[in-house]
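Computed from a predicted model, the values in this text were never measured in an experiment.
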Amino acid sequence: MQSTLKMPFSNVQQELLQLYAHHVSDNDLNNIKELLGNYFANRLSQLADQAWQNNNWTNEDMENILNDPAQ
């Protein structure tokens, strides 16, 4: 007997499923992927900037973090 785990879709998954229910050209699909990638890259950059400010990091601090062998 095979059991399946049923998990509800997240709000993002639901939106994407609705979008992908319609045929889009390969060019449009690539543009959508690029938009999503840019969105998440920008969001990550904002979070990094916020962490930088919250921790009062300097360039030297960042170099130390980047060169930490435990990283």
Side-chain angles (χ1 to χ4, degrees):
M1 177 183 274
Q2 186 179 31
S3 68
T4 58
L5 179 62
K6 294 185 180 184
M7 296 178 62
F9 290 117
S10 71
N11 59 345
V12 172
Q13 290 171 317
Q14 290 173 6
E15 287 294 321
L16 291 173
L17 286 172
Q18 289 175 6
L19 172 68
Y20 294 136
H22 306 285
H23 181 75
V24 295
S25 69
D26 287 341
N27 186 49
D28 285 344
L29 182 58
N30 287 332
N31 289 335
I32 292 166
K33 288 178 183 179
E34 187 173 342
L35 284 169
L36 289 171
N38 287 338
Y39 169 80
F40 285 109
N42 288 333
R43 183 71 180 122
L44 181 59
S45 181
Q46 290 170 355
L47 291 171
D49 288 345
Q50 184 178 16
W52 186 286
Q53 290 176 351
N54 291 345
N55 292 294
N56 296 316
W57 287 334
T58 64
N59 288 337
E60 184 178 345
D61 293 327
M62 188 53 56
E63 285 297 321
N64 291 336
I65 291 169
L66 291 172
N67 293 314
D68 183 352
Q71 294 292 332

Do T58 and D61 have side-chain atoms, one donor and one acceptor, less than 3.5 Å apart?
yes

How long is the gap from CG on N55 to CD on Q50, to the nearest 0.5 Å?
10.0 Å

Enter the distance from L16:CG to L36:CG here, rounded to the nearest 0.5 Å.
6.0 Å

So CD1 of I65 and CH2 of W52: to nearest 0.5 Å the spacing works out to 7.5 Å

In terms of hydrophobic clustering (I, L, V, M, F, W, Y; side-chain heavy atoms under 4.5 Å; direct or indirect links), are L35 and F40 co-clustered?
no

Within the structure provided, determine whether V24 and N31 are in side-chain contact (heavy-atom separation under 4.5 Å).
no

Keeping the roles fixed (side chain from Q18, backbone from E15), state whether a donor-acceptor pair exists under 3.5 Å.
no

Would you say that more than 12 heavy atoms from the other residues, nucleotides or ligands in this model lie under 6.0 Å from the CD of E34, or not?
no

Between CG on residue L66 and CD on residue E63, distance to nearest 0.5 Å:
6.0 Å

When rounded to the nearest 0.5 angstrom, what distance separates CG in D49 from CH2 in W57?
11.0 Å

Once you round to the nearest 0.5 Å, how far does NE2 of H23 lie from CG of D28?
9.0 Å

